[in-house]
Trainee: 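This is the structure I have questions about; it appears just below.
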Amino acid sequence: MLLQIKNLKVGYRNIEVVRGVELNIDKGECVGLIGESGCGKTTVGLSVTKLIPERIGMTSGEILFEDKNILKLNPEELRNIRGKKISYVFQEPFSSLNPVFTVYEQIREMLEKKNNIYIQIAEILKSVGLEKIIGRKNVYPHELSGGMQQRAMIGMAIASKPSLVILDEPTTALDVTIQRQILDLITGLKNKMNLSILFISHDLRIVFSIADKIGIMYAGKIVEYGTKEKIISSPSHPYTIGLIDSIPSFEHRKQLFNVIGGKAPLFSELPKGCKFYPRCRFRIKECLKKEPELKDISADHFSRCILTSEIAARRLPKQNRSI
Amino acid sequence: MKLLKIDSLHKTFKKHKVSAVDGASFSIFKGEVLGLVGESGCGKTTLAKLILRLIDADKGSIFYKDKDLLKISHSDMRKTRKSLQIIFQDPYASLDPRMRIGEVIEEVYDIHKNVTGREKKNKAIELLETVGLGEVYLQRLSSELSGGERQRVGIARALATDPEFIICDEPVSSLDISIQAQILNLLIDLQKRKNLTYLFISHDLGVIGSICDRVMVMQSGKFVESGSCETIFRNPKHEYTKTLLKSALLS
Amino acid sequence: MGKYVFKRIIGLAALLLGITIITFSVIHIAPGRPTDLEAQFNPKVSMEARERIAHLYGLDKPLHIQYIEWLKRFARLDFGISFMDSRPVMQKILERMPITLTIELFSIILILLIGIPIGVGSAVKEGSFYDRFMTVFVFIGFAMPTFWLSLILMDFIGVRWGILPISGIKSLEFEKFGNFEKIIDMSKHLILPVFVSAFGGLAGISRYMRSSMLNVLKQDYIRTARAKGLREKDVLYKHALKNALLPVVTILGLSVPGLIGGSVIFESIFSIPGMGRLFYESVMARDYPVIMGVLVIGAVLTLLGNLLADISYAAVDPRIKLE
Amino acid sequence: MNKLTIFGICIVGFFIIIAIFAPIFAPYNPGQIDIENILTAPTSSHIFGTDSLGRDLFSRMVYGTRISLMVGFIAVGIASLIGIALGAIAGYYGNWVDGIIMRFIDIMLCFPTFFLILAVIALLEPSIINIMMIIGATSWMGMARLMRAEILSLKERDFIYAERAIGASDFRIITRHLIPNAMAPVLVSITLGIAGAILVESSLSFLGIGVQPPTPSWGNILSEGKAVMGAGWWMMLFPGMAIFITVLGYNLLGEGIRERLLKS
């Protein structure tokens, strides 16, 4: 196992927003982490290399990367992992690139071997589809389009041949056509370099198209986890079912079933028992007793719901379920 | 019946030089949901604002019930606005942060001076209930509301003038998926109940496909293809429409 | 670049015209005529003589003609003759300007050398004892009236302890000194004025630098820099500092009029024969040609300061295209 | 709330109370000359000492508070009226209206303000009313720029388009929605402006071209103090402290408002 996240908890000012997350990523595997805004998914991603400053966030649990607990490393050891073994691509390419340094300079910073730098950079640019700016050492980020900026970010992320790349909503800020190109680029790089990927997104369609395994987060915990096929064919947590059935599409026009009512709770006012209880269509009194544990449904498929077996049967029918 | 007939509408912003909307001509029929899909910067939001005369068009005409909206006087236009409303994309920018929800809705009646006193409050409560919020929201500030709740307030404000036509400008694209479904259901429901006509703008083909009767595809200020939802989704003609469909991960 | 500078200079010419109009209006729309005063200096001047003076200055002509004639002379840098000692105004100003500019230059250097590190340090250690201490210091700097500070320094350092001279820019026996001693002597005289002149600006720049740096540290690209595994030193002093310094350039340009305006106070307290004191003396004596001359020159110096700031900003910020 | 802000509010409140109730706080008539007691150091009967005409310094300081605060408030009042109006008009109407107003501001900003104030005072008589008007007329540019910038960004926000869509008039949009939402940074600027105006007034009075004796102001008391430097430290200490503390109070208050309003 390349990365094991065990019982990760992160709190901002006494309010826990990641409340015990477990997640494993194998070599060459793409794990998708789905959740709506404010569910803690970005915090999980940042915690992997301790990018949340200690004075802002309290982190506990274990993050084992190549059998070392990252949370226990000193700053120097952390630096040797960040960018070198684990790298990031963030949501907004424009604000994530430093506006006053050239693209060349920002890629150069990632290179460990300082010989033949321009050849190295040219290769990186080529591998992310930025042939256009090879040799143009004075190009600044603002001179590139959004899609090209994101390519540059990806170039930086793979420059030192990391084993894990964490992509936090990498296509959300982009237009659909560009989105598709970037996803194709990521898939290509993953296969070529045997990368492991943690893909964080709110968009189920995108995650379904790229991930091997998927975790669904709600209120700071993973509520369902499984292979893509299992999640798509037999979602077992009421939240997952609601999300999947909420995807609008031409195939089921003007009738969205199983829509989740209400809104996500604030972390400061979490309900007792199952955190999804107030919005759940399948709820029973039992659910209020205590927060359910993740339990096995089948091989590689877990759900944090006490009713899992009955739910699938009670899911409302949909004529043409496309996904 | 044609509700709105738009003919060769043009708009160029001085700053950008290229046309934001370049000769848009189309009609909207009473009671339909007309979709407008395109990527960011293609001019779809500009088109929405032009139709309601929120910004001035360079040339063209917009006929609503035999009146050219671009030629009528300001006071006439203000009266006409009651029938033509808009719901915006960003629920965080579309409500005055200093106003309470009650004030947001009651202001509509203040401006049109058609409802007064106690009645105003009752109407506001009724509207809030229509959009799935209750009386408790009257005293709330918009900053205390979640994105979905704000969007509901935006819908209530648009309904306050009892319009027959509403432009929905990306009303769900900044919402979480579960909230997005709630709002889409609400919009569909309202449209059926009140026999409203929508111009529904979105970059998301899934959303467009789920709600619209007809679709127009826009690219750099121009329409490249339009037709019934069925035709566009099953049998697209234009290259750009095909790319969009392929990229939209619907398959 | 050349084209940009050219465009700016055309813009400046328009501003300059505005400056002359305002200066001229301020002087001529107010009640009382300049000749009233000249006559006051010499009560024996008869009505006839007064009219002759009025004619000499063109004061019997309509205002717009007067303005145009003044403008024509201004274009030749001829501001007329001082009422007080009948010397050309331009000559008087040129005599005084170097002293004021020297003091301002030194205080700007002092402001930058001390203010920027203070601000950066406060931002980097936000909330620390150092930061809080500096915040208090900065507020004291803002609130300290220049003239009071000057008086206190004069009283203690000059009068009571006799460490530094408190009046003028050179000692009485200056001419007898050798070159090196001359420099030492003048420096000693300049220490207090430069310090006083810099004091308020110091607070301003360090506060500005602090908030600029804090703002930059919140940006996404700083998170990127950390995620890249750069040394904290490089994150702060390469990626953050360059961005944070940019707006300071503009602020520096904007602070020129304040500095020049402030010269009136400390130059009259420390009896320094600079532009500020010249202006004060001519105001007290209602020496109109000098007042107009200094006003225009002061504004022109500000214009030049702003131009310099804008050009350097455009030169260092890659996002500004020089067209 | 931040401790420094509370400190600022206390200072501001303290001096406002002193100014309002000056006759109650002042033990003597501020103009009462006492040749027997010139330049006495602070004692129990004259807690701040006396000046070179034997007048009670404490009483003069108390009345000086009135002058300083009045000049500060009214000057900034004038400046904010001009600034808010011009800024709002420039921002909302744009085009040539904006062009003219902005060029005018650029020109005004080129003058070292203190020079301009001195020049105008030289022409008019240095009365308190003139001083307030001149400070007001030369310090509105920053507020106008802030107001304009805020309005420029606000008017492209959807809630303003929504107002137009429901048929609101320009006047309603500007006065009810744009200006109130744009006020936060202007309010900070107003608070800091009061501190600035008090500083300018006292500088002018110190230079002898501001508030004219015998009317007491902190600046002209300090100027008299300079004349007796070494013989009457209290004449330099107390007025200087008063100016310093007042200005500090408004600055702290301004910073507090900035943190509260702009960070939310």
Side-chain angles (χ1 to χ4, degrees), chain C residues 11 14-19 21-23 26-27 29-32 135-136 139-140 142-149 151-152 154-155 159-160 207 254 256-265 268-269 275-276 279-280 282-288 291-292 294-295 298-303 306, chain D residues 3-4 7-8 11 103-104 106-125 142 192 195-196 198-200 202-209 218-219 222-223 225-226 229-230 233 236-237 239-252 254-255 258:
Chain C
L15 282 186
L16 195 57
L17 199 69
I19 288 167
I21 292 174
I22 291 195
T23 306
V26 159
I27 303 292
I29 289 170
T135 303
V136 171
F139 276 105
I140 290 175
F142 271 135
M144 184 67 83
T146 320
F147 51 95
W148 191 46
L149 179 67
L151 288 183
I152 293 173
M154 255 172 114
D155 193 1
V159 180
R160 287 174 203 237
R207 194 72 184 161
L254 288 175
V256 173
L259 282 171
I260 295 180
S263 67
V264 174
I265 295 167
S268 56
I269 292 178
M275 254 170 76
F279 192 69
Y280 178 63
S282 11
V283 163
M284 296 310 271
R286 301 206 172 182
D287 191 344
Y288 287 75
I291 293 177
M292 286 172 84
V294 179
L295 260 184
V300 169
L301 286 177
T302 309
L303 267 184
N306 286 344
Chain D
K3 273 182 219 150
L4 286 176
F7 187 49
I11 294 172
R103 286 301 82 71
F104 183 52
D106 285 345
I107 293 166
M108 287 297 289
L109 279 175
C110 280
F111 288 101
T113 315
F114 203 67
F115 275 22
L116 208 55
I117 293 172
L118 281 182
V120 181
I121 299 247
L123 299 164
L124 308 169
E125 287 306 310
L192 300 180
I198 290 174
L199 268 181
V200 171
S202 52
S203 308
L204 287 173
S205 302
F206 175 77
L207 289 174
I209 35 186
W218 294 341
L222 197 57
S223 174
K226 186 197 172 199
M229 186 190 281
W233 56 266
M236 253 166 62
L237 177 70
M241 282 302 277
I243 299 167
F244 171 69
I245 293 173
T246 310
V247 172
L248 183 67
Y250 283 97
N251 282 342
L252 290 175
E255 191 71 13
R258 188 203 308 277

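Just so it is clear, the values below take in all heavy atoms, side chains as well, and ignore hydrogens, waters and symmetry mates. Throughout, protein chains are lettered first and strands after them, A, B, ... in sequence-line order, and every chain is numbered starting at 1. For clarity, every value in this text was computed on a predicted model and none was experimentally measured.
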Trainee: Given a strict heavy-atom distance threshold of 4.5 Å, which part of D/T246 is in contact with chain C: side chain, backbone, both, or neither?
Mentor: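 Neither the backbone nor the side chain of D/T246 comes within 4.5 Å of chain C.
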
Trainee: To the nearest 0.5 Å, what is the distance between CD on D/E255 and OG1 on C/T135?
Mentor: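 Between atom CD of D/E255 and atom OG1 of C/T135 there are 8.5 Å.
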
Trainee: Counting heavy-atom pairs under 4.5 Å to chain C, which of D/I121, D/I245, D/L237 comes out on top?
Mentor: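 Among D/I121, D/I245, D/L237, the one with the most close pairs to chain C is D/L237.
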
Trainee: What part of C/S263 lies closer than 4.5 angstrom to a heavy atom of chain D: side chain, backbone, both or neither?
Mentor: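 For C/S263, side-chain heavy atoms alone lie under 4.5 Å from chain D.
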
Trainee: Counting only heavy atoms not in D/F244 (residues, nucleotides, ligands), do more than 12 fall under 6.0 Å from its CZ?
Mentor: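 Result for CZ/D/F244: enclosed.
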
Trainee: Is it the side chain or the backbone of C/T146 that comes within 4.5 Å of chain D heavy atoms, both, or neither?
Mentor: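 When you check distances to chain D, no heavy atom of C/T146 falls under 4.5 Å.
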
Trainee: What part of C/L295 lies closer than 4.5 angstrom to a heavy atom of chain D: side chain, backbone, both or neither?
Mentor: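 Looking at C/L295, backbone and side chain both touch chain D.
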
Trainee: Among D/S223, D/S205, D/S203, find the residue that satisfies the side chain to side chain contact (heavy atoms under 4.5 Å, CB included) test when tested with C/F147.
Mentor: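 When D/S223, D/S205, D/S203 are each tested with C/F147, the side chain to side chain contact (heavy atoms under 4.5 Å, CB included) holds only for D/S203.
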
Trainee: Under 4.5 Å, counting heavy-atom pairs only, tell me which of D/L207, D/L248, D/V247 racks up the most with chain C.
Mentor: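 Max contact count across the listed options: D/L207.
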
Trainee: Let me know if D/I209 has heavy atoms under 4.5 Å from chain C in its side chain, its backbone, both or neither.
Mentor: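 Contact with chain C involves the side chain of D/I209 alone.
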
Trainee: Checking heavy atoms, do the side chain of D/F104, its backbone, both or neither come under 4.5 Å from chain C?
Mentor: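 Just its side chain gets close to chain C.
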
Trainee: Taking only residues two or more places apart in sequence, or in another chain, which ones meet C/V300 in a side-chain contact (heavy atoms from CB on, under 4.5 Å)?
Mentor: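 Applying side-chain contact (heavy atoms from CB on, under 4.5 Å) to C/V300 gives C/L16, C/V296, C/L304.
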
Trainee: Could you pull out all donor-acceptor pairs under 3.5 Å where a side-chain atom in residues 106-119 of chain D meets a protein atom, sequence neighbours excluded?
Mentor:
{"from": "D/D106", "atom 1": "OD1", "to": "D/R145", "atom 2": "NH2", "distance (Å)": "3.2"}
{"from": "D/D106", "atom 1": "OD2", "to": "D/R103", "atom 2": "NE", "distance (Å)": "3.3"}
{"from": "D/D106", "atom 1": "OD2", "to": "D/R103", "atom 2": "NH2", "distance (Å)": "3.2"}

Trainee: Hey, does D/L252 have a side-chain heavy atom less than 4.5 Å from the side chain of C/F142?
Mentor: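 C/F142 does not reach D/L252 side chain to side chain.
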
Trainee: With respect to chain D, which residue among C/I22, C/L149, C/I291 yields the maximal number of heavy-atom pairs within a distance under 4.5 Å?
Mentor: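 It is C/I22.
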
Trainee: Has the side chain of C/W148 got a donor or acceptor atom that lies under 3.5 Å from a matching backbone atom of D/M236?
Mentor: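 Answer holds: yes.
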
Trainee: Looking only at heavy atoms and a cut-off of under 4.5 Å, which of C/I140, C/V256, C/I269, C/I152 has the most pairs with chain D?
Mentor: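 If we count pairs closer than 4.5 Å to chain D, C/I140 comes out on top.
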
Trainee: Among C/D155, C/V294, C/L254, which residue forms the greatest number of heavy-atom pairs with chain D at distances under 4.5 Å?
Mentor: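 It is C/D155.
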
Trainee: Considering only heavy atoms, which portion of C/M284 lies under 4.5 Å from any heavy atom of chain D: side chain, backbone, both, or neither?
Mentor: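 Side chain of C/M284 only, per the 4.5 Å heavy-atom cut-off to chain D.
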
Trainee: By a 4.5 Å heavy-atom criterion (distance strictly below it), what part of C/V159 contacts chain D: side chain, backbone, both, or neither?
Mentor: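 Only the side chain of C/V159 comes within 4.5 Å of chain D.
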
